[in-house]
Amino acid sequence: MSETSPDAPLDFEALVVALLPLGPYHAALEPMVADLARIAALNTQLNAAFRRIAERSGFPEGAVHREHLAEDAEAVGTFFEYVHFASPSFLGSVGEWPLVGERPLAGTASGGARD
């Protein structure tokens, strides 16, 4: 197989849709597909990883499977994980979104309890 040019057209949005079910954050990230695709296309490391995955899988004609991630599994998994835990839906589920007013500190600067 020949390596895909970094400038060759790739439907990042369709590839994100194909990759999401391979990870644990599928449902939470699904509403963010367009943003995930935009970030993956613009980020040098992710762009290259997504292109290698597409090449290994024969995407868009071929289905994407876990084994197609190969050495790119960590980068893609970490990307999806980071976005999930930084998302407004996750932050809202732990009472940290929306950000309104000041947040009380859990302790003092030295880590001790407040009086």
Side-chain angles (χ1 to χ4, degrees):
M1 261 188 261
S2 65
E3 182 141 343
T4 305
S5 163
D7 298 324
L10 175 63
D11 187 346
F12 281 89
E13 195 163 318
L15 187 53
V16 167
V17 168
L19 288 169
L20 281 179
L22 302 178
Y25 308 112
H26 176 104
L29 294 177
E30 201 168 65
M32 301 173 70
V33 166
D35 292 320
L36 294 168
R38 180 180 50 79
I39 293 165
L42 293 173
N43 179 278
T44 303
Q45 180 184 8
L46 291 171
N47 186 305
F50 276 55
R51 289 179 181 283
R52 287 188 297 268
I53 293 165
E55 185 175 337
R56 282 191 293 268
S57 67
F59 185 84
E61 292 82 17
V64 180
H65 301 286
R66 194 170 309 282
E67 62 267 16
H68 296 132
L69 299 178
E71 72 272 5
D72 297 307
E74 185 176 357
V76 172
T78 300
F79 167 55
F80 288 157
E81 180 179 63
Y82 176 82
V83 172
H84 167 69
F85 286 112
S87 71
S89 64
F90 175 79
L91 293 173
S93 76
V94 295
E96 290 297 322
W97 195 266
L99 296 177
V100 179
E102 289 187 38
R103 294 281 193 232
L105 296 175
T108 63
S110 64
R114 289 184 171 232
D115 292 319

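Heavy atoms only: backbone and side chains are in, while hydrogens, waters and symmetry mates are out.
By the criterion of side-chain heavy atoms lying less than 4.5 angstrom apart, applied directly or through intervening Ile, Leu, Val, Met, Phe, Trp or Tyr residues, Val94 is grouped together with Trp97 in one hydrophobic cluster.
With sequence neighbours left out, the salt bridge (Lys or Arg N to Asp or Glu O under 4.0 Å) criterion links Asp35 to Arg38. Qualifying side-chain contact (heavy atoms from CB on, under 4.5 Å) partners for Ala49, counting only residues two or more places apart in sequence or in other chains: Arg52, Asp72, Val76. Under the ring pair (Phe, Tyr, Trp, His ring centres under 6.0 Å) criterion, His68 pairs with His65, not counting sequence neighbours. Residues passing the side-chain contact (heavy atoms from CB on, under 4.5 Å) test with Glu61, sequence neighbours excluded: none. Taking Glu74 as the reference, nothing meets the side-chain hydrogen bond (donor to acceptor under 3.5 Å, both in side chains) condition, with sequence neighbours excluded. With sequence neighbours excluded, no residue forms a ring pair (Phe, Tyr, Trp, His ring centres under 6.0 Å) with Tyr82. A search for ring pair (Phe, Tyr, Trp, His ring centres under 6.0 Å) contacts involving Phe79 returns nothing, not counting sequence neighbours. Applying the side-chain hydrogen bond (donor to acceptor under 3.5 Å, both in side chains) rule to Thr78 yields no partners; only residues at least two apart in sequence or on another chain are considered.
If you take CG on Leu69 and CD1 on Ile53, they are separated by 5.0 Å, rounding to the nearest 0.5 Å.
Across all non-hydrogen atoms, the minimal contact from Ser57 to Ala63 is CB-O, 3.8 Å. Leu46 and Ala75 get closest at one heavy-atom pair: CD2-O, 4.0 Å.
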What donor-acceptor contacts under 3.5 angstrom involve side-chain atoms of residues 8-30, with partners at least two apart or in another chain?
| residue | atom | partner | partner atom | Å |
| --- | --- | --- | --- | --- |
| Asp11 | OD1 | Glu13 | N | 3.3 |
| Asp11 | OD1 | Ala14 | N | 3.0 |
| Tyr25 | OH | Glu81 | OE2 | 3.3 |
| His26 | NE2 | Glu30 | OE2 | 2.9 |

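The list of ring-ring contact (aromatic ring centres under 6.0 Å, His included) pairs with a residue in residues 35-59, not counting sequence neighbours, is empty.
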